[in-house]
Amino acid sequence: MEFKNFSLFINQTKVNRFAEDLANGKITSTVCKHCGTQYYPPRADCSSCMQSEMEWKELPTQGNLLTFTRIHVPPEHFAVRQPLMPFSSVQFEPCPIGIIEVGKGLPIMGWIPKMDIKKIKVGMRMKASPFVLPDGKITIVLEPV
Ligand SMILES: [Zn+2]
């Protein structure tokens, strides 16, 4: 899997392994071999000490929800395609999105696709998992544990 298959439209990156790991069910970070700073999303270059020797490390997947909101116009590949002519062939379903904190204060952002937004509470325990969309792109989803 290439990074362009992550749910963002990015073609060039030095952290392509991130998408490969997601495809294999792992959410990974990078850790600077010189100063120990950990990065999520992974970075190839350390902004603390300006070195580029990084080690890949799998992140824990469970954490407490820090915050959430609802996206009313998500990226098109999340939308449901229907014959809604003459207005649009795409129907957007508002979807909650949240950030959980794992490890040493590392935030993981993900979609919360299967929950009523009224049942989502800051501080609730959630699990982050890679998820392959119908178009083959991969993203991260959060669900309660
Ligand atoms: Zn460093």
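Atoms within a ligand are numbered from 1 in the order they appear, just like the ligands themselves. None of the values given here were measured: they were computed from a predicted structure.
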**Request:** Check the side chains of S29 and Q38 for a donor-acceptor pair under 3.5 angstrom, ignoring hydrogens and angles.
**Result:** yes
**Request:** Could you pull out the N/O/S protein atoms under 2.8 Å of the Zn ion (ligand 1), ignoring any water?
**Result:** C32 SG, C35 SG, C46 SG, C49 SG
**Message:** Pair L142, W111 - check side chain to side chain contact (heavy atoms under 4.5 Å, CB included), show working.
**Reply:** CA-CA 6 Å; L142 303 177; W111 297 92; over 6 Å; no
**Request:** Show the numbers, then the answer: is there a side chain to side chain contact (heavy atoms under 4.5 Å, CB included) between I138 and F131?
**Result:** CA-CA 6 Å; I138 195 160; F131 181 83; 5.8 Å; no
**Residue pair C35 / C46, side-chain heavy-atom distance below 4.5 Å** = yes
**Request:** Using modelled atom types only, decide if a donor and an acceptor are shared between the side chain of N24 and the backbone of K26 within a distance under 3.5 Å.
**Result:** no
**Asked** Looking at residues at least two apart in the chain, or sitting in another chain, which of them share a side chain to side chain donor-acceptor pair (under 3.5 Å) with E53?
**Response** H34
